[in-house]
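Atoms within each ligand, like the ligands themselves, are counted from 1 in listed order.
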Amino acid sequence: MSTSELMNAWADHNRKFENFRFVYPVISRRAKGLSVGINCTPNGMCSYSCVYCQVNKKDTSAKIPSVDEIIFEVKEMLSIYNKTKLSEHFPRVEEKNRILKDIALSGDGEPTLYPYFTELCKQLKDISEIPKLVLITNAMQLEKILDFNGEIWGKLDAGTDEWLDFINRPKKKINIELIENNLKFVVSKFPLRIQTMLCEANGCAPSETDIESYVGIVQRIHQISPKNLLSVQLYSVIRQTAENSVKPLSREFLEGVKNILQEKISNLSIEVF
Ligand code: SF4
């Protein structure tokens, strides 16, 4: 398989799989293989309204699934994966890139806002074939994650209140200190991968001050538990975004942020996508 075909597979986050409604397979850059997503918030409910959100037409009237419906589909998906390795669904993806890496609570909105989140996590914990559970979260509301049993991929896109407001557009007024404190709490209890989207919108990119402040936040999170901070993943947009003015930042820009971070925290794994 050529690199461009793998890139096409990464860019294709079509969530439609047979007659499944809430569970979908994707070939994920960041998971480095097959990731099975759970869309527990198909109505797109989220406490942010990120300028780069890649969920385009949110169907706010979509039905919220029950835990039973999700668990049924997860088990069905695992059974199909075990039999076919999803070769028909991803005919151009080599088997080595189709290995199941995780089941990710992700989807059209913020998973921690799913009303039955705790029960869902409890039942997922009992499915032994799941290699790893991942929660992809904006880290704004964490009351329900205490029972979670897996890796947390927490969003940190900004270093200043100004960039947080501009890029994530939180629906209620918060400041960057809240996100820092939430991620410090997460890293004190769970393996954490910080997810950072670096992009341009309306002709604005993060300033040196934003980046400097962002690096300081990552340093302080790292100090809480170097062992639990598994990595920082820096990436830019590769799919259609909600706002047309959003543009990816160059590889050089991302590598530049990586270098600044690495200089401050030499033993931290930093990945650029
Ligand atoms: S946190 Fe995720 S789902 Fe919510 S607006 Fe941002 S990108 Fe979209």
Asks: Under the salt bridge (Lys or Arg N to Asp or Glu O under 4.0 Å) definition, can you give me all pairs with a residue in residues 113-124, not counting sequence neighbours?
Replies: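 Salt bridge (Lys or Arg N to Asp or Glu O under 4.0 Å) check on residues 113-124 returns E119-K122.
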Asks: Evaluate the ring planes of H89 and F17, with Trp represented by its six-membered ring, and classify them as parallel (under 30°), tilted (30 to 60°) or perpendicular (over 60°).
Replies: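 Aromatic pair H89/F17 classed perpendicular.
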Asks: Mark the output for K155 as yes if a heavy-atom distance to ligand 1 is under 4.0 Å, and as no if none is.
Replies: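 Distance cut 4.0 Å: K155 passes for ligand 1.
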Asks: Return the set of residues passing side-chain contact (heavy atoms from CB on, under 4.5 Å) with E18 (not counting sequence neighbours), or none when no residue passes.
Replies: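 E18 satisfies side-chain contact (heavy atoms from CB on, under 4.5 Å) with F20, I80 only.
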Asks: Any N/O/S atom, side chain or main chain, of C53 closer to atom 8 (Fe) of ligand 1 than 2.8 Å?
Replies: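 Yes, C53 qualifies, because one of its backbone or side-chain N, O or S atoms lies under 2.8 Å.
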Asks: Would you check if atom 6 (Fe) of ligand 1 lies under 2.8 Å from any N, O or S atom of C46?
Replies: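 Coordinating: no.
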Asks: Relative to Y81, does K83 satisfy both conditions: NZ or CZ under 6.0 angstrom from the six-membered ring centre, and within 45 degrees of the ring's axis?
Replies: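 No.
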